[in-house]
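The structure appears right after this line, and notes come after that.
Below, all heavy atoms of this structure are taken into account, side chains as well, without hydrogens, waters or symmetry copies. Ligands are counted one by one from 1 in listed order, and the atoms in each one are counted from 1 as well.
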Amino acid sequence: MSSPTHVTFWGVRGSTPCDGHQFDRYGGNTSCVQLTAEGHDPIVFDLGTGLRNYGEQLAREDALEGFHAHVLLTHLHWDHIQGLPFFAPLAAGGGTVEVYGPEQAEGPLGDVFDGVMSPPYFPITYRQMHGTASFQGVSSDDFALNGAKVRTRWVRHTDPTLGFRVEIEGVSVAYLSDHGPGTVPDDPDDYVPPDVLELCDGVDLLIHDAQHTAPEYEMKRDWGHCTIEYAIHVAREAGARELALFHHCPSHGDDRVDEIVRDARDLVARLGGPEVFAAADGMRRPVTSRAAADA
Ligand SMILES: [Zn+2]
Ligand SMILES: [Zn+2]
């Protein structure tokens, strides 16, 4: 029996939005994933440019007024926040978005967010939008949210960055969009920190950074991302059931991503799991529990 809980990938690209025919199939929008479970408001991972298409869909469904979502924001890099001003429930409708993101040493998360969304960088602040956005700084924590169990942990990246685990309606999803071993040079390449294992432990779907091939990683060790092999390693160490390769490098067109998926599937076939696929803009995918999948 399949679960009605599902994810929709609205943006899967890393670093910067991309345009061109070479991105037709996997897409060029930056990080944004919607998690929907029946009877719950949606949970949204990150506010990249993919968020705009999510808002367009809500507008088509006439669902802007009264829209309410919780956002789990990994960090403040541009590719994870640029969709917010263009999200229809906030830009044009009377929606409400509660953002939970990494607490900042410089001050409250909303005030720090103002640093990038205010003149002269953008004509208005989030407080001047039609809808209501609020920001709540969080650290390593476990809390209840809208009928879900949420776990937040710090993960290795270039600036303070959270990874998330959400358990809802009997299924679990972990989201580590920007994550790599190279930013802590003393850590061996295959080391998986306990915090990451706590996020990914036995999860039904792991959405993980997969920005680099191994040769690319050698050139960009300190960029805070990882190889496809490392993403598979994390999934296997944690016993994740299904792995979504995510945060595709802007230099990887569709054909390159196809090759990466082929190589990844060859590797997991030799290792004995997990299932692996590449996330793509617009992809909607059910999240099923292990028990349901085995039935
Ligand atoms: Zn990113
Ligand atoms: Zn980043």
NE2 (His157) to the Zn ion (ligand 2) to ND1 (His77) angle, given to the nearest 10 degrees: 100°
Closest non-hydrogen atom pair between Pro85 and Ala91, with its separation: O-CB, 3.6 Å
If you consider just the N/O/S atoms, which atom of His75 is the closest one to the Zn ion (ligand 2)? NE2
[X] near the Zn ion (ligand 2): N/O/S under 2.8 Å:
X	answer
His80	no
His225	no
Asp178	yes

Asp62 atom CG, neighbour heavy-atom count above 12 within 6.0 Å: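 Open: at most 12 neighbouring heavy atoms sit under 6.0 Å from CG of Asp62.
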Is it true that Phe9 and Tyr54 have ring centroids separated by less than 6.0 Å?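 So the answer is no for these two rings.
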Determine whether the side chains of Asp190 and His233 contain a donor N or O and an acceptor N or O closer than 3.5 Å.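 No, no side-chain donor-acceptor pair sits under 3.5 Å.
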Using distance alone, with no hydrogens and no angle criterion, decide if His247 and Asp209 have a side-chain donor and acceptor under 3.5 Å apart. no
Describe, in one word, how the ring planes of His75 and His80 are oriented to each other, choosing from parallel (under 30°), tilted (30 to 60°) and perpendicular (over 60°).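 Rings of His75 and His80: tilted, as their planes differ by 30° to 60°.
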Closest Asp79 atom to the Zn ion (ligand 1) [N, O or S only]: OD2
For the Zn ion (ligand 1), the closest N/O/S atom belonging to His247: NE2
